[in-house]
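First up is the structure itself, then whatever we jot down about it.
Indexing begins at 1, ligand by ligand and atom by atom, following the structure's order. Note that these values count all heavy atoms, side chains included, but never hydrogens, waters or copies made by symmetry.
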Amino acid sequence: MLQTIKKIGVMTSGGDSPGMNAAVRSVVRTCAFHNVECFGIYRGYEGMIDGDFVKMDARSVKGIINKGGTILKSARSQEFRTKKGRQKAFNQLTKAGIDAFVVIGGDGSFTGAMIFNQEFNFPVMGIPGTIDNDIFGTTHTLGYDTALNTVVDVIDKIRDTASSHNRLFFIEVMGRDVGHIALNVGVGAGAEEILIPEEDLGLDRLLESLRRSKQSGKSSSIVVVAEGDKIGKNVFELKDYVDQNLSEYEVRVSVLGHMQRGGSPSCFDRVLASRMGVKAVESLIVGKSNFMVGLKNDIMELTPFDQAVKGKSKINMELLRVSDIMSI
Ligand code: ATP
């Protein structure tokens, strides 16, 4: 087949996640391997509109596989949401001779790419980069595994202090509207309860479970709360509720925040990023467009953008049962 793609752009967009640099490295080196020129697009769609492009070769991405964040910087662009902004972006890409781009980001970034593809018939490919694992079409998004390891480490540390003082800790973790992070770190760190948006435990059952924990002789209790959980309006209101209704506990709250998005990517995320980059570039080269690269049953597969954006990523409810049994 005649290779029509000669210059590929790569960018990171939306929230950053560990593994984005490893994916940039993979895209750049796969381009080099196939003799396709590669340009880094800085600051996501913002940089695309401004023509902030830098030519990259295999050596430009040395020493970044282990780095958190993104060397290309990320941004959220209001202007790209407008037709005028996207026209500017198209003009900049055309001026630079870029034939296609790979966007590493979340569902918003994919929606932008899909609209851009429809408007200008421009080849695009997506790599899911977010710690939340909330994208349909892949069992793992880039950064998710690293975030799980980061959070488990922190909860282990909180447990040390919790058990020294017989304390109950509510620990809020990220995950937006889904409970993947909470559920997995809850099981991994041995939490007494896990509160996720997908399952409404109810305040009464929470109190009952905490009472049981206390009676069974536990010296500390950890409750992992997904940020999108609906049981209490927020984790501080949950604390107040338990304070008022369970006097036997000294309750503390820890909101882990943005540290969950940082740090050196895990080996799993580095390998995943490397595989995703290869698949994204090679798919563009053979003429595919408008797909997201994903992992399914340990195989790299493509999911059309519209499905990836509209579909729902499912949590593993079996883990809730495992957690219940483990916290006896
Ligand atoms: P995260 O999961 O971290 O939020 P994301 O990719 O979903 O990442 P968004 O801020 O939703 O992050 O989207 C990133 C960028 O994609 C936006 O700033 C905007 O430039 C572009 N974008 C999002 N939605 C659209 C849309 N409907 N039309 C055009 N562009 C869009």
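- Protein residues having at least one heavy atom under 4.0 Å from any atom of ligand 1 are Ser13, Gly14, Gly15, Tyr45, Arg76, Ser77, Phe80, Arg81, Arg86, Gly106, Asp107, Gly108, Ser109, Thr111, Gly112, Ile115, Arg176, listed by chain and number.
- Take Asn21 and apply the side-chain contact (heavy atoms from CB on, under 4.5 Å) test, not counting sequence neighbours, and it matches Ile64, Lys67, Thr70, Ile71.
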Would you sort out whether Phe116 and Tyr45 count as a ring-ring contact (aromatic ring centres under 6.0 Å, His included), showing the intermediate values?
CA-CA 11 Å; Phe116 192 76; Tyr45 292 120; 7.6 Å; no

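- When the side-chain contact (heavy atoms from CB on, under 4.5 Å) test is applied to Val154, the partners found at least two apart in sequence or on another chain are Ile158, Leu256, Met259.
- Evaluation of the side chain to side chain donor-acceptor pair (under 3.5 Å) test over residues 91-100, restricted to residues two or more places apart or in two chains, returns Gln87-Asn91.
- Residues Arg86 and Ser77 have side chains that never bring a donor and an acceptor to within less than 3.5 angstrom of each other.
- A donor-acceptor contact closer than 3.5 angstrom is absent between the side chains of Asn149 and Asp153.
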